[in-house]
Amino acid sequence: MNIQSIDSARELLNSHPEHNFGMILSKSKQGYLIKLESGSTLLANKAFSCPFLPENNDYVAIMRSGQKGYFITNILERSGTLPARMETESELHICSQQSVKVQSNSIALSSLEYTSNCQTHTQSSEKLDVSAKYTSFQSETVESNMTRLVQRIKDSFKMIERIEQVNAKDIIQNIKNNFIQRSKQVDITAKSDVKINGDRIHMG
């Protein structure tokens with residue numbers, strides 16, 4: 001056992017205080033290379049409690065552990081224009097007994113799976129665009145109030161088990177080819193005229 005080497009390493013470790021400050025030079029698999037205010041360099045890992053991912057040229061606070069080495073505890077200053085990024089290898093849960101508010105000029109969400117569970121959902125926007133390859137919508141009651149509705153559908157199929165009722169001032173149907181109605185009983189009532197126009201009319 002080389003007692004001199006152990007003593008030299010111990011003196012080098014004790015020469016740095018438990019708390020220090022420095023600037024990040026680079027990042028590798030071994031950790032972050034940091035230049036301390038004293039001019040020396042060391043390797044440090046990001047502490048689990050440090051919320052943001054450090055970048056080059058960040059001015060950071062460092063804490064030393066006797067068994068685990070050096071950890072970046074906080075990013076104190078960032079001179080560049082790089083965005084702040086939060087990254088964790090484990091799951092991230094945000095819990096609050098009160099309300100949680102997120103306010104931004106632009107929010108972008110990207111995920112393989114997105115689930116939202118709530119008792120009451122309210123959404124208000126000036127413009128809403130929804131694009132999906134497959135959509136499944138289930139509800140006990142749906143109420144829609146619209147000034148204008150325009151639909152462009154290639155094929156439409158409706159299965160109504162009980163009743164469909166339409167109340168309108170005027171109804172205009174323009175069919176390019178066939179218009180077929182099949183029912184057990186048909187009742188057409190008009191207060192004035194009933195007109196049926198065609199080249200040929202078959203009855204019976």
Side-chain angles (χ1 to χ4, degrees), residues 1-139 142:
M1 180 180 295
N2 194 338
I3 303 299
Q4 185 176 0
S5 299
I6 295 177
D7 293 337
S8 299
R10 185 177 300 169
E11 292 177 0
L12 180 61
L13 182 63
N14 294 331
S15 63
H16 296 293
E18 293 186 357
H19 294 83
N20 216 322
F21 305 93
M23 181 175 293
I24 296 179
L25 299 178
S26 62
K27 177 184 177 181
S28 63
K29 294 182 179 180
Q30 289 74 25
Y32 294 88
L33 182 62
I34 302 174
K35 182 178 181 180
L36 302 178
E37 292 181 337
S38 60
S40 59
T41 58
L42 55 82
L43 282 173
N45 294 317
K46 185 179 81 70
F48 184 81
S49 60
C50 183
F52 298 105
L53 194 66
E55 300 289 350
N56 292 347
N57 300 322
D58 283 353
Y59 185 69
V60 296
I62 307 162
M63 178 178 291
R64 178 173 62 85
S65 170
Q67 296 180 351
K68 299 292 185 178
Y70 295 93
F71 291 93
I72 299 173
T73 57
N74 292 288
I75 301 174
L76 304 178
E77 187 178 58
R78 175 167 293 177
S79 58
T81 58
L82 293 175
R85 294 194 302 164
M86 299 180 65
E87 183 175 307
T88 176
E89 296 181 358
S90 60
E91 292 185 0
L92 177 62
H93 295 186
I94 299 177
C95 303
S96 174
Q97 298 298 328
Q98 302 296 326
S99 61
V100 177
K101 296 182 180 180
V102 179
Q103 183 176 355
S104 175
N105 292 332
S106 177
I107 298 177
L109 299 177
S110 178
S111 176
L112 296 178
E113 183 178 354
Y114 177 79
T115 303
S116 177
N117 297 319
C118 60
Q119 185 174 355
T120 302
H121 177 77
T122 303
Q123 181 171 332
S124 177
S125 61
E126 185 175 348
K127 183 180 179 181
L128 177 64
D129 293 331
V130 179
S131 178
K133 186 176 182 181
Y134 174 78
T135 302
S136 176
F137 182 79
Q138 297 179 0
S139 176
V142 177

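This is a predicted model, so every value here is computed, not measured.
The CG atom of N74 sits 9.0 Å away from atom CE of M63, with the distance rounded to the nearest 0.5 Å. The OG atom of S49 sits 9.5 Å away from atom CZ of F71, with the distance rounded to the nearest 0.5 Å. In this structure, CG in L53 is found 6.5 Å from NZ in K46, a value given to the nearest 0.5 Å. With rounding to the nearest 0.5 Å, the separation of CG in L36 from CE in M23 is 11.5 Å. Between atom CD1 of residue I34 and atom CG of residue L43 there is a gap of 8.0 Å, rounded to the nearest 0.5 Å. Between atom CD1 of residue I62 and atom OG1 of residue T73 there is a gap of 8.0 Å, rounded to the nearest 0.5 Å.
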- prompt: Hey, mind stepping through V142 and F137 against side chain to side chain contact (heavy atoms under 4.5 Å, CB included) and telling me if it holds?
  reply: CA-CA 11 Å; V142 177; F137 182 79; 3.8 Å; yes

T135 and V130: CA distance, side-chain angles, deciding distance, side chain to side chain contact (heavy atoms under 4.5 Å, CB included) verdict: CA-CA 10 Å; T135 302; V130 179; 5.8 Å; no

- Task: Evaluate the side chain to side chain contact (heavy atoms under 4.5 Å, CB included) criterion for residues R64 and L42: first the C-alpha distance (whole Å), next the side-chain angles of each, then the deciding distance (0.1 Å), finally the verdict.
- Result: CA-CA 11 Å; R64 178 173 62 85; L42 55 82; over 6 Å; no

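The salt bridge (charged side-chain N to carboxylate O under 4.0 Å, His left out) contacts involving residues 53-62 comprise E55-R85, D58-R78, where partners must be two or more places apart or lie in separate chains. Sorted by first then second residue, the salt bridge (charged side-chain N to carboxylate O under 4.0 Å, His left out) pairs that include residues 29-42, not counting sequence neighbours, number zero.
Taking both residues in full, the closest heavy atoms of I75 and P54 are given as CD1-CA, 3.6 Å, listed atom of the first, atom of the second, then distance.
With L25 as reference, T41 is the one residue of N56, T41, N57 to meet the side-chain contact (heavy atoms from CB on, under 4.5 Å) rule.
S26 contributes no side-chain N or O that, together with a main-chain N or O of L33, makes up a donor-acceptor pair within less than 3.5 Å.
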